[in-house]
Amino acid sequence: MITPTDSTGTSEGSTSPDMAGISLERIKQRRDFLHVAEGAGWQTPGFILQGRRRTACNREGLIRIGFTCSRKVGNAVVRNRARRRLAHAADIVLPHHGIPGWDYVMIGLRFRTVSRNFAKLTQDLETAVRRLAHKEMR
RNA sequence: GCGGAUGACCGGAUGGCUGCACUGCCGCUGGCAGUGAGGAAAGUCCGGACUCCACAGGACAACGGUGCCGGGUAACACCCGGCCGGGGAAACCCGAGGGACAGCGCCACAGAAAACAAACCGCCACUGAACAGCUGCGGCAUGAUCGGAGGUAAGGGUGAAACGGUGGUGUAAGAGACCACCGCAUUGGCGGUAACGUCGAUGGCACGGCAAGCCCCACCGGGAGCAAUGCCAAAUAGGGACGGGAGCGGCUCAGGCCAGUAAGGUGUCCUGCUUACCGCCGUCCGGGUCGGCAGCACGAGCAGCGUGGCAACACGGUGCCCAGAUGAAUGGCCAUCAAGAGCUCGCAAGAGCUUGAACAGAAUCCGGCUUACAGGUCAUCCGCACUG
């Protein structure tokens with residue numbers, strides 16, 4: 001019920017000219033995950049978001065995003081599904097609401113990441129991004 | 001038709017929109033096309049392939065595994081066929097199924113007794129005592145009670161298991177003491193490749209169970225694993241080789257300023273000289289972390305055909321190429337259709353609505369085993385009922 005509007009939203013976002021300066025990249029190195037984990041965190045009903053501004057910001061318009069779903073989330077099928085949902089939500093939200101120059105990590109939770117309504121999952125991500133920015137200011 | 005047994009199979013289909021990974025192409029911030037999970041991909045329990053290490057001669061010891069027979073296989077703890085034992089009315093199912101005179105050990109509870117014989121309740125005759133009975137008064141083919149010294153293991157009861165079983169002869173009562181059948185042991189014939197079966201003879205019961213307690217016997221096994229292993233190789237630091245490399249000022253009254261610098265150390269005390277060494281600079285070499293590439297998908301491969309074989313399987317020829325990621329792709333939604341399930345209406349045929357799902361995700365690759373699994377399909381067989 002929500003996904004058709006979501007999918008058209010992403011297609012508009014990726015092709016819109018005002019978002020041309022922002023690009024997304026996946027975090028794959030363990031030391032990057034550990035670096036982000038030292039920053040601020042915010043728990044939502046569907047996941048935990050960690051975020052940190054990169055110190056050596058060589059590329060200004062870049063947002064990096066990583067996903068982690070440990071074995072506590074469930075078996076392999078459930079883990080893959082949780083990771084895909086988080087990645088999809090990040091593709092929708094971060095080009096609009098993410099702060100360039102930041103690294104984010106989304107952590108999946110047992111049962112809740114998979115069962116959470118997807119529209120609410122995207123809203124959670126928006127508020128979490130704002131909260132992290134607010135925490136960083138203080 | 002109902003109930004059951006066994007074996008095999010499927011694990012929604014089609015279309016659209018939109019994502020992801022890899023490959024190829026193009027007019028390359030992108031676009032197009034192709035391909036993209038399973039029967040268990042799982043558990044990581046066995047067996048291999050392939051690497052490296054060790055030994056390069058295998059054996060012995062230790063440790064681990066396997067354990068009826070024959071066959072299949074690269075190999076196996078797997079598969080096929082058979083044997084034996086147990087279960088079932090049957091189809092069929094289950095079985096770590098070698099050795100208990102090589103040795104050690106154990107046999108709880110119950111029971112009299114648990115391994116070498118014995119005897120609790122019993123049964124039996126003998127004998128002694130007193131009592132009763134009978135008497136011809138000497139006693140007794142008498143009855144029951146108590147004691148003594150024996151015989152016996154049939155019956156009772158316990159147990160997973162009790163020193164062969166059932167029936168008879170026999171006896172005081174009994175007992176393989178004897179007989180018949182069965183079991184057992186030894187032995188011979190026949191059938192079978194064999195496990196084993198079968199027929200007979202002899203013996204006369206001796207030799208309890210547990211080897212899934214240790215053990216013995218036979219056979220098998222060197223160790224570690226794709227994060228194996230090989231190649232390429234940046235920055236930083238460190239190692240080695242070769243080469244290079246000698247400077248000491250000026251201004252200002254002073255404070256200070258300008259210029260230059262790796263310019264300093266070691267060598268028997270000092271001075272001078274020298275580049276002998278370190279530190280310094282350059283070039284090269286080797287090791288090596290992150291990373292990249294190979295290993296890595298044409299293989300004990302898949303489909304169907306033929307031949308041999310009861311079968312597992314083998315052989316032959318035909319066709320096909322079918323995931324390859326590395327914080328790890330293969331997803332989501334919609335529509336239509338289909339097996340099935342539920343509810344309502346209906347005598348029924350049927351109609352309407354809802355649902356349309358399980359276990360679960362490749363990670364070097366194969367052969368197995370085990371475990372999980374919504375719903376469904378097919379074949380063969382057994383029993384019962386019905387029809388003819």
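Just so it is clear: chains get the letters A, B, ... in the order the sequence lines come, proteins before strands, and each one is counted from 1. We use all heavy atoms of the structure for the numbers below, so side chains are in, but hydrogens, waters and symmetry mates are not.
Residue-nucleotide stacking is present for A:Phe33 and B:G327, judged by a side-chain ring centre under 5.5 Å from the six-membered base ring centre and planes under 30° apart.
Looking at A:Asp124 and A:Arg116, a side-chain N of the basic residue comes within less than 4.0 Å of a carboxylate O on the acidic one, giving a salt bridge.
Comparing atom distances between the A:Arg83 side chain and each of B:G361, B:A328, B:G327 picks out B:A328 as nearest. When distances are taken from the side chain of A:Val77 to each of B:A360, B:A329, B:A362, the shortest belongs to B:A360. Candidate nucleotides B:G331, B:A360, B:A329 were compared by shortest atom distance to the side chain of A:Arg84, and B:G331 ranks first.
A:Ile92 and A:Phe67 fall within the same hydrophobic cluster, defined by Ile, Leu, Val, Met, Phe, Trp and Tyr side-chain heavy atoms under 4.5 Å apart, directly or through other members. Both A:Leu132 and A:Leu125 belong to a common hydrophobic cluster when Ile, Leu, Val, Met, Phe, Trp and Tyr are linked at side-chain heavy-atom distances under 4.5 angstrom.
Summary of the strand contacts: A:Thr68 and A:Val78 both lie near RNA chain B, and taking for each the nucleotide with the nearest heavy atom, the more 5' one is attributed to A:Thr68.
Nucleotide B:A314 forms a pair with B:U307, judged by Watson-Crick or G-U wobble geometry with both contacts under 3.5 Å. Nucleotide B:C214 forms a Watson-Crick or G-U wobble pair with B:G103, both donor-acceptor distances falling under 3.5 Å. Across all strands shown, B:C190 pairs with B:G197; the Watson-Crick or G-U wobble distances both stay below 3.5 Å. Across all strands shown, B:G34 forms a Watson-Crick or G-U wobble pair, both distances under 3.5 Å, with B:C22. In this structure, B:A141 makes no Watson-Crick or G-U wobble pair, since no nucleotide meets both defining distances under 3.5 angstrom. Remark: B:A77 base-pairs with no nucleotide in the shown strands. Criterion, Watson-Crick or G-U wobble with two distances under 3.5 Å. Using Watson-Crick or G-U wobble geometry with both donor-acceptor distances under 3.5 Å, B:G47 finds its partner in B:C366. In this structure B:A294 sits in a base pair with B:U229, meeting the Watson-Crick or G-U test at under 3.5 Å.
The glycosidic torsion of B:A37 lies within 90° of 0, which places this base in the syn conformation. Look at B:G105: its glycosidic torsion is beyond 90° from 0, and that puts it in the anti range. Applying the 90° criterion around 0 to the glycosidic angle, B:G111 comes out anti. In this entry the base of B:C210 is anti relative to its sugar, with a glycosidic angle more than 90° from 0.
When the P atom of B:C20 is taken as reference, atom CZ of A:Phe67 falls 13 Å away, rounded to whole Å. Straight-line distance from the CG atom of A:Asn75 to the P atom of B:A358: 13 Å, rounded to whole Å. Rounded to whole Å, atom P of B:A21 lies 14 Å from atom NE2 of A:His88. The interatomic distance linking A:Ile92 (CD1) with B:G19 (P) rounds to 11 Å, in whole Å. Distance, A:Phe118 CZ to B:U18 P: 17 Å, rounded to whole Å. Summarising the geometry, the separation between CG on A:Asp91 and P on B:U18 is reported as 16 Å, rounded to the nearest angstrom. One atom, CG of A:Leu86, and another, C1' of B:G331, lie 14 Å apart when rounded to the nearest Å. Atoms CD1 (A:Ile27) and P (B:A328) sit 11 Å apart, rounded to a whole Å.
Spacing between B:U193 and B:C310 at atom P, rounded to whole Å, works out to 15 Å. To the nearest whole angstrom, the two P atoms, one in B:C353 and one in B:A335, are 15 Å apart.
Of the possible donor and acceptor atoms, none in the side chain of A:Arg83 sits under 3.5 Å from a partner among the backbone N and O of A:Thr68. A donor-acceptor pair is defined here as one N or O able to donate and one able to accept, closer than 3.5 Å; no such pair exists between the side chain of A:Arg64 and the backbone of A:Asp103.
The residue A:Arg81 sits close only to the backbone: its heavy atoms come under 4.0 Å of sugar-phosphate atoms, none of a base.
A:Trp42 has its side chain out of reach of A:Gln50: every pair of non-hydrogen atoms, C-beta onward, lies at least 4.5 Å apart. Contact of the A:Val129 side chain with the A:Trp102 side chain is not registered, since no non-hydrogen atoms from C-beta on lie closer than 4.5 Å.
OP1 and OP2 of B:A328 both lie 4.0 Å or more from every side-chain N or O belonging to A:Arg79.
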